[in-house]
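The block underneath contains the structure these notes are about, expressed in structure tokens.
In the text below, chain A, chain B and the rest are named by the order of the sequence lines, each starting its count at 1. Worth knowing before you read on, the calculation uses all heavy atoms, side chains too, and leaves out hydrogens, waters and symmetry mates.
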Protein chains: 2
Amino acid sequence: MLVVKKFGGTSVANKERIYNVANRCIEEYKKGNDVVVVLSAMGKYTDELITMAKDINENPPKREMDMLFTIGEQMSVALMAMAMANLGVPAISLNAFQVAMHTTSVYGNARLKRIDCERIRNELEQHKIVIITGFQGVNKYDDYTTLGRGGSDTTAVALAAALHADKCEIYTDVDGVYTADPRIVKTARKLDQVTYDEMLELATLGAGVLHNRSVELAKKYGVQLVVRSSLNTNEGTVVKEGHKMEKMIVSGVACDTDAARVAVIGVKDEPGVAFKLFNALAKANINIDMILQSVGREGTKDITFTCSTADADDAARIISDNMECQSIDVNKEVAKVSIVGAGMQTNAGVAAKMFEALYDANINIRMISTSEIRVTVLINEKNTERAMNAIHDKFDLGNVS
Amino acid sequence: MLVVKKFGGTSVANKERIYNVANRCIEEYKKGNDVVVVLSAMGKYTDELITMAKDINENPPKREMDMLFTIGEQMSVALMAMAMANLGVPAISLNAFQVAMHTTSVYGNARLKRIDCERIRNELEQHKIVIITGFQGVNKYDDYTTLGRGGSDTTAVALAAALHADKCEIYTDVDGVYTADPRIVKTARKLDQVTYDEMLELATLGAGVLHNRSVELAKKYGVQLVVRSSLNTNEGTVVKEGHKMEKMIVSGVACDTDAARVAVIGVKDEPGVAFKLFNALAKANINIDMILQSVGREGTKDITFTCSTADADDAARIISDNMECQSIDVNKEVAKVSIVGAGMQTNAGVAAKMFEALYDANINIRMISTSEIRVTVLINEKNTERAMNAIHDKFDLGNVS
């Protein structure tokens, strides 16, 4: 069996944890399996590199930033190979050049295009544990690139796909995917499995366990993911294709407090207004989430949308620069709360049940958005915790049905 | 004109110094010259990486050690490129993979074999300052290697040779090559120029300004070297082919206190004894310097040699394991003091004058060794400073003759 194991920065933050990871990998190796390990930079080292760069140049060229970033993972993999050697197991570290992780050219946010597997297969045939730098790639100019947020997860899934691995395990500091954030909802329960689509909705909604790009990639290539803790040997959550096995309609409640609501009041009610507005924002690379358009007063209309808190002021400025409107209102004190579940597609009344839970808790809904397997509401940020608990209880997610 | 400039770790140890180097390079660039910069790791960062590795594994695999080492120079070059960008000058950093610095396979002590110049030339044609990682290479397995001590000097000289550079400037924290270490001999004087051979003898003898491998390479390819300070704009010392221009017989006095004397007393006086002894040491990678063989008592002989202090005990152990002798005596409290000068070849009495200086100062000579342009004596370490000053004065090196 070939297993790809990915460990994040906290899992390799110090000597003790490096040895913990080394031992876990060796355990797998001693079962007779081929083991490929993907690592992030140690602890907060990437942040330290950013600080170092900003001290030299407030706006460092992205190409050079990636050149600097890649040393973080190279440090992790070299030290890990040393730890495994010390434990008497043959191991070898490889960076993006050595594997050949081909990506698009975009520095800071490249996409993986192709992985050469020859070197990895050769090392595996020599019965070595192969330790690979996550997050980084090489573009057609032979320059380092990085894959953006959650990049190491993407590296792991892409390697699992390219190597036709039997399993791709993503190790984090939580036990798996929960019905809700256990820090917010005390009765939250770990799920044994979720579908790719559910995981995608959860990832997008800030559940924070897996980045959505890695889940998309896993879905595309049918890579079976396991999300589990690096701190214990609990089973974790399996992410795979298929209908839900459990008879749960809703599998989880997620929240995202990094949301702002921008209301553009009194724009002209004529064709092309929405296009003009969102095109201007797209050009500035501002990602828009929920959109709501309503009829305004005196032949005008109001357009309201949500974006990340950091982008909200930029969005307002761009809109006032590009189009006429009566006023723009920015509210950063809002949060998105969502229920996600593959079972929702075939079950009526799920959304209504969620709204009822919020009504019972006397929480006002500002906006509503739905997909086939998700219902999201925008509420005041201060109500987040109450809302999540109310919904979690209403759907009885703490108990296996 | 194409100029290669190499800056050591102390020259890029912090933000201020990075900008100092950036400005010096830009000055050259603004004269209309092509500029290639070679950098070492910042300050004591390589030592920090060693500490980091040893904490994980007391004997880290050399391949992984090189994987770890190379991040030091990559950090320097990326930050330098950011500094130059901030000063409005186009610059690009390149590592050993990107340049293609092909080396032999030996980790930790590889030799440069071939440098691909295409990428560098392309970037120079686009009027960029090209900043290259010193010390590191890539072997035929596509693994990182490092060039051992003084590796960045070697990188710079090899690049200058491959690119047919007009000049190779080695920046250090001293003004150039001196007639003696100015910290020991107050009257020491900076030399305007020395020959490759003189520089080689000085480098081998621990003058510490340039590593001998880089000087050998410069001599082989006729690369004109300039040793100068990164802290001021003084002219420095030119290292080049040719007889001495100055009418100095002796150009400098050097010392090396990292020396130990190992005396092997009473070995059998029969053929093959010296071979057996030094072959056993060579197999253990112990470098031997001065060798002296003398007739011992009762059909035996004594063999005495010097090696580095760190190797002395190992050497004694290996000898006692491999051959019969009456006793082995190790003395680490010794130092080598040498005079170097191309003019010595044609001047009789130079050695005698040196011995006279030591006699006048009442310093006992333990061993003597000579080459065509060098005389070295082994003395008690505590006499080093007095010996150097006595010799320096005797030859009147403080004054231009």
Turns out that what part of A:N95 lies under 4.5 Å from chain B's heavy atoms comes down to both

Applying a strict 4.5 Å limit to non-hydrogen atoms, the region of A:N59 in contact with chain B is neither

Cut-off 4.5 Å, heavy atoms of chain B, and the answer for A:A22 is neither

Do B:L68 and A:L79 touch side chain to side chain, with heavy atoms closer than 4.5 Å? yes

A:R63 side chain to B:I92 main-chain N or O, any donor-acceptor pair under 3.5 Å?
no

So, the part of A:I18 with a heavy atom under 4.5 Å from chain B: the answer is side chain

Cut-off 4.5 Å, heavy atoms of chain A, and the answer for B:L94 is both

Using a 4.5 Å cut-off on heavy atoms from C-beta on, say whether the side chain of B:K54 contacts that of A:M82. no

Turns out that what part of A:Y19 lies under 4.5 Å from chain B's heavy atoms comes down to side chain

Minimal heavy-atom distance between A:R119 and B:Y141, with the atoms involved, is NH1-O, 2.7 Å

For A:Q98 and B:F97, the nearest pair of non-hydrogen atoms, with its separation, is CG-CZ, 3.5 Å

Heavy-atom closest pair (A:V77 atom, B:E64 atom, distance to 0.1 Å) is O-OE1, 4.5 Å

* Please say whether more than 12 non-hydrogen atoms of neighbouring residues, nucleotides or ligands are located less than 6.0 Å from CD in B:Q126. => yes

Inset, instruction - Return yes when atom CD of A:E16 has more than 12 non-hydrogen atoms of other residues, nucleotides or ligands closer than 6.0 Å, and no otherwise. - result: no

When the 4.5 angstrom heavy-atom criterion is applied to A:M52 and chain B, the contacting part is both

Between the CG atom in A:D143 and the OG atom in B:S93, the distance rounded to the nearest 0.5 Å is 8.0 Å

Honestly, the part of B:M65 sitting under 4.5 Å from a heavy atom of chain A is both

Interatomic distance, CG@B:N57 vs CE@A:M84, rounded to 0.5 Å, equals 12.5 Å

Closest heavy-atom pair, B:I71 versus A:M75, reported as atoms and distance to 0.1 Å, is CD1-CE, 3.5 Å

